[in-house]
Novice: 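Quick one: structure below, then a few questions.
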Amino acid sequence: MSKLILTLITFVPLAGAILLMFMPRNDRVIKWTALIVSILAFLSSLHLPAHWTHGAPGFQFAIDAPWISSPNIHYHLGVDGISVWLVLLTTFLTPFCVLISWKSIHGAVKEFFVLMLILETAMIGVFVSLDLFLFYVFWEATLIPMALMIGMYGHERRVYAAVKFFLYTMVASVFMLGAIIWFYIHTGSFDYVTIQNAIQSGSISGFNRAAEFLFFGFFIAFAVKVPLFPFHTWLPDAHVEAPTAGSVLLAGVLLKMGTYGLLRFNATLFPAQAHEHALWINVLALIGIVYGALVALVQPNMKKLVAYSSVSHLGFCVLGIFTFTQIGVNGAVYQMLNHGISTGALFMLLGMLYERRHTYEIKEYGGLATSMPVYSTLFLMITLSSVGLPLMNGFVGEFLILSGAFTAWQWYGIIGTTGVIWSAGYLLWLYQRTFFGEITQPANARLADADGRERVSLIPMVAMALIMGVASPLWIRMIDPSVEHSLRPSSVGTAAATRSDLNAPHIVAMGNPAK
Amino acid sequence: MNSGPNFNLWVIPILPLIGSAINGIFGKRFPRNLVATVALFFPGAAFAYAVWVVSQFAGLSQAQIPHIERLFSWIEAGGFRVDYGFYLDQLSVTMLLIVTGVGFLIHIYSVGYMAEEGGYYRFFSYLNLFMFFMLMLILAHSYLLMFVGWEGVGLASYLLIGFFFLKQSAAQAGKKAFITNRIGDYGFLLGMFLLIKHFGTLDYDKVFNAISGLPVETGVGMLTATALLMMVGATGKSAQIPLYVWLPDAMEGPTPVSALIHAATMVTAGIYMIARSNILFLHAPIAMRVVAIIGALTAIFAASIGLVQNDIKRVLAYSTVSQLGYMFMACGVAAFSAGIFHLMTHAFFKALLFLAAGSVIHALGGEQDMRHMGGLRKLIPWTFWVMTIATFAIAGFFPLSGFFSKDEILWPANVGHQSGTQHAHAAAHGRSGHGGHVHESPWVMLGPLVVLAIGSAVMGWVGWPEALGGKNHIDKFLAPVFHTSSEPARSAENFSATEPQKSDSPQDEIVLERTLAAVSLATALAGLGLAWLFYVRRPELPDRIASSMKGAYRTLLNKYWVDEAYYSTLVNPVVDGSRRVLWRGVDVGIVDALVNGTGTVSKELSGVTRRMQSGSIRSYAGWVALGAACVVGFMIWMGLHT
């Protein structure tokens, strides 16, 4: 069972998609089938944390079987403490994406849910693949259904946004493909673990010369996906045009593929290059944090506002990774999950407003707290999670990242921490303009409050934001060993600086009481 | 770490949280008296439990203090760990009684005050939530857990200020409070990062132990930097210069909220934090001096503004800012226990003033402009008398509480800044211009007023100075927390002295203290004289002076235009700059234009190969992306070879 569980989780949605294709065009049946399939995928993914071997940093539930003999491609899947949670994030979000698309998709309903389930398989595949070829296939496979979801079911400028999204990210991925092929030529393997061991033992000829190019090959693909400033302009366009479920999956999971890649490949396979380039990468991340937040502050369109806030939040994740402190990287991984929950939920909330008023313009709203009290309360909770209020999930991630950043270099912390002020600014201002005051537009006076289906999709998100804020060790205890494992090769040159970074000055300070 | 008894301290904050959750989730369907019952039961139970805990605490030996109870971990990563844990010593015990006691009284009062308002359940849910966070703040055993309460009370304050969310000004004030506090929290966070970097922990016991082993810093080192950053956090929460601007606006909230949050408890969190970190601050003399100066400046500055405000609640707000300045100043001159003592008496008389003011407002059907009050003594006698006690207490009349606590800080200041409050009190005298519909408040409101009035009258006695034949229990009680005891205060106990003397302090501190004393004495005397002259003796004078000294009067009335200055130098440039420069300029005009523009150029250049292209939007966008990727690739390639 434990060998096949990852295969099961990955391909249950695809099987569901195939099943849907052969079903009659009865929208009701199709929706329920999609919902059940996505819930099945979620339930089977719960097997992973339930049967987790705690304290083990390596890949678990691994399966490694030859797939194609020439070129030498393996069907190699496995998860460690980092990727397991990204798998769960994907399977957790997808049922809610089905739910919120219940009424908002008109026409070609079957195709929509087929695309969504194919997308789910591809996303899970990215996180569980340990064969680089397989990884690349899944990576590119996420593009097609997402681009189609934007292009077919989006708003006015959907084709422009879909094509921009598709080509921008695809072209960037080509550089990664080049790097992957280089590895295959020089090692005869696509296997992540094999390649990692080969790099560490220094047995790849010409690696030192090529490492710089390889690092950038991966980096460009991931930086565009994150998106890191200045590669971010596809994101607001894609978000504004995407249907709600598309935005949720895009922000919730697809962007994490970028930060996951930076951690799994750039930081872990190329520790020397990663350290060498950490400074300007972190500068870009810091620009992203501040710039994304400031641009978000002045957006007249609420969906664009949240899109830019993602640039800011993902900047935190990149910053956390490139501090190479254990606390910072842990925070980055946790923040990936937090962002998936809080921004995913924010897009769900915006989608519900859009279904009612067919606009994302902030000035069209105001005073909704009167007409939609339950919705307003849930919106507030998610806002607080996104702002990083303590005891909500966002705080734990941001705090760990920023204290890691401060430990690495105080200026990272000093600049990055301004993010807590900006995020309170743009989100509370959005909240005030949308919910407080008298109702100015008559259309807003009769808006229906969140109905049963909407509450079922929102309350678990709020609950998750709270639980992750109160009981973070449930997650981080599994993440921590894998983070340490990822950092260990990267600290070869710097004398295992990760854990001792934190404690060494402490010991010094305690050791000189007489001074 | 200690094998002492287990008090289950977690119960104290959890109780009001349960109350908040019950009212928040089910309150809408509850009848009003059930909402009120829930809202009173849980804070009341927390108060009762706190009293029991304190009685047990009294039985602990000094070796068992601080009493620490750890539950389980909240955050742990890479060797860093923060537990849910609670810390009980003389300081948190004092705060615990103030917060649960005064808080419970204000809850009772609110039942009457809010009886006519909509959103009754929502109000009490927020109020209980506030109690939860405030109790977390004072009982936390580490800075990070204190920060939970710290941000949490800010949230509760945001919700309660914005309670009348239909009023744009209330919503605006709530947001302003939250964001201003966040600016302070920025400092707090950086302070914590410094502590983590150097000590690897945020637990009080470990941090304090580590610091006490370090030498006192003469220059600006790590400890001074940490202390100053922490102080920035404190200036936000405790409304000191330059972050005080949110507190007067916060008066948009319901009056019991002003009493509880913006007078008695939340705004004192900054003082509590500094007092809690006394070891840190004592190792950073420069930071101490900054604290003292900021406190003194704030005390004077706020008092002068308060002098000319007309809204009764705003007058009280500026008076609070000023009083908090005194407490800050006390901490800055190492008179921590004096600061906490004043915090305690202030909690009583300022809560009383606010609630009494609320009772006046209630009686007048919402009138807050003092120029329309007057002649209320006969109409609302109870309110009048408790307000009189409060006013005399804050003015520091012997033997009311303000006398002792202000005296502790600096004797000359004890004439204090009663100008504003005097002025509020004056409202109750004077000619009556009201019809017969003015009514005394119900007993559910008057009861808490009377209890607070008694407290205001007698609470100061626990700090009866030895120079006056007392025992100064509070100073002795808190002494173990503040190792130093309160040396500057002790000298100030010399009742007849016009200048504080401190034989055992460095010379420069005496100079500093004398300067502070002289400045605040001058301002306080002037304020007292003016207040009496303007509002009691010659009520027509303000108008005449206002017209003859237009400039000065308007400067004060407009609060030195600080808000306007902040808006034009900080807020507007950020918003406009973000819109014009960053968004329209950089993002759309440069970054995205480059992405799209390189594509256009590529397309133009590809005239030769145009037949390969269909000319559709797809291929256009294709070239866009390809062009962009080429540019990026080229730039990186160039970067590698230079």
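Order of the sequence lines fixes the chain letters, A, B, ..., with proteins taken first and strands second; residue numbering starts at 1 for each chain. Quick note: numbers below take in every heavy atom, side chains included, and nothing from hydrogens, waters or symmetry partners.
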Novice: Considering only heavy atoms and a distance below 4.5 Å, find which of A:Val387, A:Val224, A:Thr377 pairs most often with chain B.
Specialist: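 That would be A:Val387.
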Novice: Between B:Glu151 and A:Leu391, does a side chain to side chain contact (heavy atoms under 4.5 Å, CB included) hold up when you go through it step by step?
Specialist: CA-CA 10 Å; B:Glu151 286 264 287; A:Leu391 299 189; over 6 Å; no
Novice: Is the distance between the ring centroids of A:Phe406 and A:Phe399 under 6.0 Å?
Specialist: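 They do not qualify: ring centres at least 6.0 Å apart.
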Novice: With a 4.5 angstrom heavy-atom cut-off, which part of A:Pro236 approaches chain B: side chain, backbone, both or neither?
Specialist: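 Contact with chain B is absent: no heavy atom of A:Pro236 under 4.5 Å.
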Novice: Using non-hydrogen atoms only, which part of A:Leu297 is less than 4.5 Å away from chain B: side chain, backbone, both, or neither?
Specialist: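 Answer is side chain: those atoms of A:Leu297 sit under 4.5 Å from chain B.
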Novice: Could you tell me whether a side-chain N or O of A:Tyr160 sits under 3.5 Å from a main-chain N or O of A:Asp237, the two making a donor and an acceptor?
Specialist: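 Looks like no, no N/O pair under 3.5 Å.
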Novice: Can you say whether B:Leu155 sits under 4.5 Å from chain A via the side chain, the backbone, both, or neither, judging by heavy atoms?
Specialist: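 Side chain only.
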Novice: Between B:Leu202 and chain A, with a heavy-atom cut-off of 4.5 Å, which part of the residue counts as in contact: side chain, backbone, both or neither?
Specialist: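 B:Leu202 touches chain A through side-chain heavy atoms alone.
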Novice: Side chain from CB out, backbone as N, CA, C, O: work out which of these in B:Ile211 comes under 4.5 Å of a heavy atom of chain A, or both, or neither.
Specialist: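 For B:Ile211, neither part sits under 4.5 Å from chain A.
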Novice: Run the side chain to side chain contact (heavy atoms under 4.5 Å, CB included) check on A:His277 and A:Glu212 step by step: do they pass?
Specialist: CA-CA 10 Å; A:His277 296 291; A:Glu212 195 85 2; 2.7 Å; yes
Novice: Around A:Trp411, counting heavy atoms of other residues, nucleotides and ligands shown, do more than 12 lie under 6.0 Å from its CH2?
Specialist: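 Not more than 12 within 6.0 Å, no.
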Novice: Given heavy-atom pairs under 4.5 angstrom as the criterion, report whether the side chain, backbone, both or neither of B:Ile75 touches chain A.
Specialist: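 Both the backbone and the side chain of B:Ile75 come within 4.5 Å of chain A.
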Novice: Quick check for you: among B:Phe72, B:Trp74, B:Phe147, which has the greatest number of heavy-atom pairs under 4.5 Å with chain A?
Specialist: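 Among B:Phe72, B:Trp74, B:Phe147, the one with the most close pairs to chain A is B:Trp74.
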Novice: With a 3.5 Å distance limit and no angle check, can you tell me whether B:Tyr126 reaches the backbone of B:Ser157 through a side-chain donor-acceptor pair?
Specialist: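 No: the side chain of B:Tyr126 does not pair with the backbone of B:Ser157.
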Novice: Check each of A:Ile439, A:Asp449, A:Thr434 against A:Leu368 using the side chain to side chain contact (heavy atoms under 4.5 Å, CB included) test, and report the only one that passes.
Specialist: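 Answer to the side chain to side chain contact (heavy atoms under 4.5 Å, CB included) test with A:Leu368 among A:Ile439, A:Asp449, A:Thr434: A:Thr434.
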Novice: With side chain to side chain contact (heavy atoms under 4.5 Å, CB included) as the test, pick out the partner of A:Val333 among A:Asp480, A:Ile479, A:Leu400.
Specialist: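 For A:Val333, the side chain to side chain contact (heavy atoms under 4.5 Å, CB included) test succeeds with only one of A:Asp480, A:Ile479, A:Leu400, which is A:Ile479.
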Novice: Answer with side chain, backbone, both or neither: which region of A:Ser376 has an atom nearer than 4.5 Å to a non-hydrogen atom of chain B?
Specialist: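 Contact with chain B involves no heavy atom of A:Ser376 at all.
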Novice: Check ring pair (Phe, Tyr, Trp, His ring centres under 6.0 Å) between A:Phe229 and all other residues, then give those that pass, not counting sequence neighbours.
Specialist: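 A:His232, A:Tyr291.
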Novice: Considering only heavy atoms and a distance below 4.5 Å, find which of B:Lys28, B:Gln172, B:Glu76 pairs most often with chain A.
Specialist: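 The answer is B:Glu76.
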Novice: Of the listed residues (B:Tyr84, B:Phe133, B:Trp150), which shares the most heavy-atom pairs with chain A below a 4.5 Å separation?
Specialist: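 If we count pairs closer than 4.5 Å to chain A, B:Tyr84 comes out on top.
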Novice: Pick one of side chain, backbone, both or neither for B:Leu159, based on which atoms fall under 4.5 Å of a heavy atom in chain A.
Specialist: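 Only the side chain of B:Leu159 comes within 4.5 Å of chain A.
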Novice: Taking every heavy-atom pair that is under 4.5 Å apart, which of A:Phe435, A:Tyr431, A:Tyr308 has the most such pairs with chain B?
Specialist: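 Between A:Phe435, A:Tyr431, A:Tyr308, the count favours A:Tyr308.
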Novice: Name all residues meeting the salt bridge (Lys or Arg N to Asp or Glu O under 4.0 Å) criterion together with B:Asp203; count only those two or more places apart in sequence or in a different chain, and write none if there are none.
Specialist: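 B:Asp203 satisfies salt bridge (Lys or Arg N to Asp or Glu O under 4.0 Å) with B:Arg70, B:Lys206 once adjacent residues are dropped.
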Novice: Side chain from CB out, backbone as N, CA, C, O: work out which of these in A:Leu380 comes under 4.5 Å of a heavy atom of chain B, or both, or neither.
Specialist: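 Side chain only.
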Novice: Chain B heavy atoms under 4.5 Å from A:Trp422: which part of the residue, side chain, backbone, both or neither?
Specialist: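 The answer is the side chain of A:Trp422.
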Novice: So which of A:Val295, A:Asn330, A:Thr417 has the largest heavy-atom pair count under 4.5 angstrom toward chain B?
Specialist: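 The candidate making the most pairs under 4.5 Å is A:Thr417.
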